[in-house]
Amino acid sequence: MRIVITGAASGIGRAVAEQLQRGRLVPGEHRWLLVDRDAANLDTVVGQFGSAARALVADLAEDNIGDRIAEAAREHMDGADAVASNAGIIAAGTLTTMTAADYDRLFAINTRATWLIAKALHPLLRASRGAFVATASISAHEPTPALGAYSASKAAVLMMVRQLAAEWGPDGIRVNSVSPGPTLTPMTAAGYADPKRRAEREASIPLRKLATPEDIANAILFLLSDLAGHVSGIDLLVDGGMSSMLMSATGTGTGQGAR
């Protein structure tokens, strides 16, 4: 598999690269184009794969990000079979307090870059009849306090995926997304450093644990693999059952709540 992974220096993106190397879902020989703005950590990851991998240091807010990635994919891999559009940022703030600059950067990286990358790589994926997976979020499905613009940017990704799946299906390209629930990554670790807060969050998840980057990576690789060969236009929630727990907040089953 010739794969492009954004946000590959750490967290979920790094786990996608490493899980692919382990060959559990996608056996065979692989080549990687790994994209991130964190040059030091990106070099560390690339070093695991030798000459099969190439680093591209870039900020996804760049206007030419899609063209840069497509050019590098042609040079290093002579095309692409799969894209894991994973890079994203979080910025706290309600919609009444967030600045326009923070709002614009969230959409530039989380939403606009997903489109630019998809657009630029479309000819390569059409040639290989490949697959594209975007990382969304459980916050794309449910309003998340103090993350108003982040939630909106990820909700836009869900519709973009459905739109791309409809447009690109005749080209033999599958397009899907994965929505992680609470996941322990370098970006979220500080928020879970307090044992009490972590325990409270885990208690809200039926499986009673946070996801690992590998949990999300395995879902992404499944959707990129031939095992999902007839799956397109869907969002796969990987949240330990958290999104199914709405009625637990009503007190139903305790003599309270809706009837």
Side-chain angles (χ1 to χ4, degrees), residues 2-14 16-17 32-43 45-46 53-93 95 98-128 130-137 139-140 147-168 171 173 175 177 187 220:
R2 299 168 297 173
I3 187 169
V4 175
I5 306 171
T6 67
S10 63
I12 294 168
R14 179 172 182 165
V16 171
W32 294 261
L33 176 63
L34 305 178
V35 185
D36 206 292
R37 61 179 179 173
D38 184 346
N41 282 329
L42 187 60
D43 283 343
V45 178
V46 169
R54 177 178 293 181
L56 177 62
V57 179
D59 187 326
L60 265 68
E62 299 172 12
D63 287 341
N64 66 339
I65 187 62
D67 293 335
R68 287 189 63 194
I69 291 174
E71 181 180 0
R74 290 188 184 96
E75 290 179 355
H76 175 55
M77 305 185 296
D78 193 29
D81 304 303
V83 178
S85 181
N86 168 74
I89 59 171
I90 297 175
L95 291 175
M98 175 164 281
T99 67
D102 285 342
Y103 179 96
D104 288 344
R105 184 160 177 80
L106 274 166
F107 271 83
I109 293 174
N110 293 349
T111 311
R112 182 171 175 264
T114 302
W115 164 60
L116 290 173
I117 293 166
K119 179 181 179 183
L121 287 169
H122 172 261
L124 305 185
L125 294 174
R126 180 177 57 195
S128 66
F132 185 101
V133 173
T135 301
S137 171
S139 295
L147 291 178
Y150 173 78
S151 296
S153 72
K154 290 297 189 177
V157 169
L158 295 188
M159 182 51 70
M160 185 182 302
V161 162
R162 293 175 63 188
Q163 186 70 28
L164 289 172
E167 293 184 11
W168 291 4
D171 294 327
I173 304 171
V175 187
S177 60
M187 188 165 64
I220 291 171

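For the single chain, residues carry numbers from 1 onward in sequence order. Basis for what follows: all heavy atoms, side chains included, without hydrogens, waters or symmetry-related copies. Remember, predicted model here, so these are calculated numbers, not experimental data.
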Checklist line | For the student: nearest non-hydrogen atoms of Leu158 and Ala136, plus distance | finding: CD2-CB, 3.5 Å
Next item on the list: State the CG-CD1 distance between Leu147 and Ile90, to the nearest 0.5 angstrom.
Entry: 6.5 Å
Next item on the list: Please name the pair of heavy atoms, one in Ser137 and one in Lys154, separated by the smallest distance, quoted to 0.1 Å.
Entry: CB-CG, 4.0 Å
Check: Quick one: OG1 on Thr135 to CD1 on Ile220, what's the gap to the nearest 0.5 Å?
Finding: 3.5 Å
Item checked: Which residues share a side-chain hydrogen bond (donor to acceptor under 3.5 Å, both in side chains) with Arg105, sequence neighbours left out -> Asp59
Note to self: Measuring only between side-chain heavy atoms, which start at C-beta, is Leu106 closer than 4.5 Å to Met98?
What the structure shows: yes
Check: Nearest 0.5 Å, what's the CG-CZ distance between Leu121 and Phe132?
Finding: 7.5 Å
Next item on the list: Decide yes or no for Asp36 and Asn41: does some side-chain heavy atom of the first lie under 4.5 Å from some side-chain heavy atom of the second?
Entry: no
Notebook entry, point to check: Is Met77 close to Leu33 at the side-chain level, that is, under 4.5 Å between some pair of heavy atoms?
Noted result: yes
Next item on the list: Heavy atoms only: give me the nearest Val46-Ala53 pair and the separation to one decimal.
Entry: CG1-O, 3.8 Å
Item checked: Contacts of Ser128 that satisfy side-chain hydrogen bond (donor to acceptor under 3.5 Å, both in side chains) - sequence neighbours left out -> none
Notebook entry, point to check: Any idea which heavy atoms bring Gly7 and Ala87 closest together, and the distance?
Noted result: N-CB, 3.5 Å
For residues 64-73, please give each side-chain donor-acceptor pair under 3.5 Å, one per line with the distance, not counting sequence neighbours.
residue: Arg68; atom: NH1; partner: Glu62; partner atom: OE1; Å: 2.9
residue: Arg68; atom: NH1; partner: Glu62; partner atom: OE2; Å: 3.3
residue: Arg68; atom: NH2; partner: Val57; partner atom: O; Å: 3.2

Notebook entry, point to check: Which distance, rounded to the nearest 0.5 Å, do you find between the CH2 of Trp32 and the CD1 of Ile3?
Noted result: 9.0 Å
Next item on the list: Sort and list the pairs that fulfil side chain to side chain donor-acceptor pair (under 3.5 Å) and have at least one residue in residues 113-123, not counting sequence neighbours.
Entry: His122-Asp171
Notebook entry, point to check: Run the side-chain contact (heavy atoms from CB on, under 4.5 Å) check on Arg112 and Leu116 step by step: do they pass?
Noted result: CA-CA 6 Å; Arg112 182 171 175 264; Leu116 290 173; 4.0 Å; yes
Notebook entry, point to check: Side-chain contact, heavy-atom cut-off 4.5 Å: Met160 with Leu164?
Noted result: yes
Check: Is any side-chain heavy atom of Leu34 closer than 4.5 Å to a side-chain heavy atom of Leu42?
Finding: yes
Next item on the list: Using a cut-off of 6.0 Å, state whether more than 12 heavy atoms not belonging to Arg54 lie near its atom CZ.
Entry: yes
Check: Closest heavy-atom contact between Ala58 and Val35?
Finding: CB-CG1, 4.3 Å
Margin query: Could you tell me if the side chain of Ile89 sits less than 4.5 Å from the side chain of Asn110, heavy atoms only?
Written below: yes
Notebook entry, point to check: Can you tell me how far CG of Leu60 sits from CD1 of Ile117, rounded to the nearest 0.5 angstrom?
Noted result: 4.5 Å
Next item on the list: Supply the atom-to-atom distance Leu125 CG to Arg2 CZ, rounded to the nearest 0.5 angstrom.
Entry: 9.5 Å
Checklist line | side-chain contact (heavy atoms from CB on, under 4.5 Å) partners for Phe107, two or more places apart | finding: Tyr103, Thr111, Ala152, Ser153, Ala156
Margin query: Among residues at least two apart in sequence or on other chains, which ones pass side-chain hydrogen bond (donor to acceptor under 3.5 Å, both in side chains) with Ser177?
Written below: Asp235
